[in-house]
Amino acid sequence: MRVLLTGAAGFIGSHIHRTLLDAGHEVTALDLMLPAAHGPDAEPPAGVDRVDVRHPEALDARLTGIDVVCHQAAVVGAGVSAQDAPAYASHNDLGTAVLLAAMDRAQVRHLVLASSMVVYGEGRYITADGTEVAPGPRIPADLDHGLFDNYAPSGEPLTWAPIDEDAPLRPRSLYAAAKAAQEHYASAWSAATGGTVTALRYHNVYGPDMPRDTPYSGVAAIFRSSLEAGESPRVFEDGGQTRDFIHVHDIAAANLAAIERPLGAFTPLNIASGHPITIAEVATVLATARNGKPPVVTGDYRSGDVRHIVASPQRARRALGFTAAITPERGLTEFATAPLRATAAAGAPTWR
């Protein structure tokens, strides 16, 4: 199968690239090589062309004969400030819209889209009697006083439950807003063209070759950098926020399955390990594996962060036959000494 892969030099994209080649697929690999992701003056690796997906003429030249597009190119991270909004809108949303238009011109009708759990905003919550409640955004004044959990309007504490793909989208960060917009563009493209879209909602991805030392890095890499510097990992809030961490090798396997098995018109799927873990536990596993300093719980918080977001991976298992092979405890233990990207990213992304 002939696959056009965007973001092919990135952390996730590079793993997908190798997995596709190992599976015998022919890959046209593209990456813009943004300094915010790859460092200053970075050149594309062998087999990857420097291409901006916002330039239609560059896409038209490369989509001829392509069977499926695997779209990984994106500015990632929750966003440091409101000034990052144009970069997310330009690279993620405009880039996706230009790509979809080019796919239509080339009559390419199958898209695998890198989405994210962040489109849900907060996860799923229930009361003691099983009633589902959608909490509003947490109040800064409460967070300042260390009140991190979500409560029902009655004041009853809420318990998290696994979220499935039918949950409404309630993005609460700039990145989340961009990812939700990508899904909406892809769904509308599917309706207009008859194409198929599989939107893979990644949960917290980690693994070898993860970028380091940038506010846009994942938390596992940030903890790793602290431990390498002989410092304690700094855990925000009280450390009790719950996530699902999935290894990048499993992410690559899910993309391979989605490429080889087109589904319905627009099919979102949670791509998760199915093994919830708290952020404090992540920091502790990494510190223990490296014989480093124990984590420090700071009570700090970030605007746009949510308390708990844990997935149900059942639909991906049924639709794609995909089940994550690596548990967070095993994967994070290995990640504690795995190689990270040698070149740190450079500054915030620009939108031009």
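Everything numeric in this text was worked out from a predicted model, so none of it was measured. One-based numbering along the sequence shown.
In this structure, Arg341 fails the cation-pi test against Phe11, since its NZ or CZ atom is not both closer than 6.0 Å to the six-membered ring centre and inside 45 degrees of the ring normal.
Nearest heavy atoms, His308 versus Gly240: CE1-O, 3.2 Å. In terms of heavy atoms, Ala221 sits closest to Pro211 at CB-O, 3.3 Å. Tyr206 approaches Ala220 most closely through the heavy-atom pair CB-CB, 4.1 Å. Closest heavy-atom contact between Val248 and Gly207: CG1-CA, 4.1 Å. The two residues Thr196 and Gly264 come nearest to each other via the heavy atoms CB-O, 3.5 Å. Residues Pro86 and Ala82 come closest through the heavy atom pair CD-O, 4.2 Å.
For the atom pair CG of Asp238 and OG1 of Thr298, the computed distance is 10.0 Å after rounding to the nearest 0.5 Å. Between the CD1 atom of Ile16 and the CG atom of Leu5 there is a distance of 6.0 Å, given to the nearest 0.5 Å. The structure places CG of Leu147 at 10.5 Å from CZ of Arg138, a figure rounded to the nearest 0.5 Å. Atom-to-atom distance recorded for Asp31:CG and His38:NE2 is 4.0 Å, nearest 0.5 angstrom. If you take OG1 on Thr337 and CG on Leu286, they are separated by 10.0 Å, rounding to the nearest 0.5 Å. The CG atom of Leu111 sits 8.0 Å away from atom OG1 of Thr96, with the distance rounded to the nearest 0.5 Å.
Side-chain polar atoms of Gln241 and Asp305 form no donor-acceptor pair below 3.5 angstrom. Between the side chains of Tyr185 and Asn92, no donor N or O sits under 3.5 Å from an acceptor N or O. Checked by atom type, the side-chain pair Ser90/Arg54 shows a donor-acceptor distance below 3.5 Å. Checked by atom type, the side-chain pair Glu329/His275 shows no donor-acceptor distance below 3.5 Å.
You'll find the side chain of Pro208 reaches within 4.5 Å of the side chain of His249, heavy atoms only. The shortest distance between side-chain heavy atoms of Val3 and Asp67 does not fall below 4.5 Å. Between Phe335 and Leu340, some side-chain heavy-atom pair lies under the 4.5 Å cut-off. Looking at Val133 and Pro153, their side chains come closer than 4.5 Å, going by heavy atoms from C-beta outward. Between Leu34 and His91, the closest side-chain pair of non-hydrogen atoms falls below 4.5 Å. Annotation: side chain of His110 is in contact with side chain of Thr198 (closest heavy-atom distance under 4.5 Å). Here the side chains of Ile271 and Val205 are not in contact, with every heavy-atom distance at 4.5 Å or above. Considering only heavy atoms from C-beta on, Arg243 comes within 4.5 Å of Ile309 through its side chain.
The local environment of CZ in Arg50 is crowded, with over 12 non-hydrogen atoms from other residues, nucleotides or ligands closer than 6.0 Å. Annotation for Gln107: atom CD counts as buried by contact number, over 12 foreign heavy atoms lying within 6.0 Å. Annotation for Asp300: atom CG counts as buried by contact number, over 12 foreign heavy atoms lying within 6.0 Å.
Listed by chain and number, the residues in a side chain to side chain donor-acceptor pair (under 3.5 Å) with Asp149 are Arg307 (sequence neighbours excluded). Under the rule for a side chain to side chain donor-acceptor pair (under 3.5 Å), Asp142 has no partner lying at least two apart in sequence or in another chain. Residues satisfying the ring pair (Phe, Tyr, Trp, His ring centres under 6.0 Å) test with His71, not counting sequence neighbours, are none.
The side chain to side chain donor-acceptor pair (under 3.5 Å) contacts involving residues 120-130 comprise Tyr120-Arg201, Tyr120-Asn270, Glu122-Tyr125, Glu122-Asn150, Arg124-Glu132, Tyr125-Asn150, Thr127-Asp129, Asp129-Thr131, where partners must be two or more places apart or lie in separate chains. Contacts classified as side chain to side chain donor-acceptor pair (under 3.5 Å) and involving residues 284-293 (residues at least two apart or in different chains) are not found.
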Start with the C-alpha distance between Thr333 and Val285, add both sets of side-chain angles, then the distance that settles side chain to side chain contact (heavy atoms under 4.5 Å, CB included), and finish with yes or no.
CA-CA 6 Å; Thr333 298; Val285 169; 3.6 Å; yes

From CA spacing to verdict: side chain to side chain contact (heavy atoms under 4.5 Å, CB included), Val98, His55
CA-CA 7 Å; Val98 173; His55 294 169; over 6 Å; no

Steps toward side chain to side chain contact (heavy atoms under 4.5 Å, CB included) verdict (Arg2, Val108)
CA-CA 11 Å; Arg2 295 189 64 189; Val108 179; over 6 Å; no

Going through the checks in order, is the side chain to side chain contact (heavy atoms under 4.5 Å, CB included) test met by Leu269 and Leu320?
CA-CA 9 Å; Leu269 297 173; Leu320 294 179; 3.5 Å; yes

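Side-chain atoms of Ser190 come within 3.5 Å of backbone atoms of Gly195 as a donor-acceptor pair (strictly under, hydrogens ignored). Judged purely by atom type and a 3.5 angstrom limit, Asp104 has no side-chain atom pairing as donor or acceptor with the backbone of Leu100. With hydrogens and angles ignored, the 3.5 Å screen pairs a side-chain donor or acceptor of Arg62 with a backbone N or O of Ala58. A donor-acceptor contact shorter than 3.5 Å links the side chain of Asp244 to the backbone of Gly274. Here the side chain of Arg261 pairs a donor or acceptor atom with the backbone of Ala319 at under 3.5 angstrom. Listed for the Thr6 side chain is no donor-acceptor partner under 3.5 Å among the backbone atoms of Leu30.
Linking Ile, Leu, Val, Met, Phe, Trp and Tyr residues whenever their side-chain heavy atoms come within less than 4.5 Å places Ile279 and Ile277 in a single cluster. A continuous path of ILVMFWY side-chain contacts below 4.5 Å connects Tyr202 to Ile326, so both sit in one hydrophobic cluster. In the hydrophobic clustering of this structure, Phe266 does not group with Val112; members are Ile, Leu, Val, Met, Phe, Trp, Tyr whose side-chain heavy atoms approach within less than 4.5 Å, directly or through other members. Cluster membership for Met210 and Met33, using ILVMFWY side-chain heavy atoms within less than 4.5 angstrom, is not shared. A continuous path of hydrophobic side-chain contacts links Leu20 to Leu200 [ILVMFWY only; heavy atoms under 4.5 Å].
Counting side-chain heavy-atom gaps under 4.5 Å among Ile, Leu, Val, Met, Phe, Trp and Tyr, the cluster of Tyr301 also holds Leu143, Phe148.
The residues Arg105 and Asp60 are annotated as salt-bridged, a charged nitrogen and a carboxylate oxygen being separated by less than 4.0 angstrom. Between Glu183 and Lys179 there is no salt bridge, since no side-chain N of the basic residue sits under 4.0 Å from a carboxylate O of the acidic one.
A distance of 6.0 Å or more separates the ring centres of Phe245 and His203.
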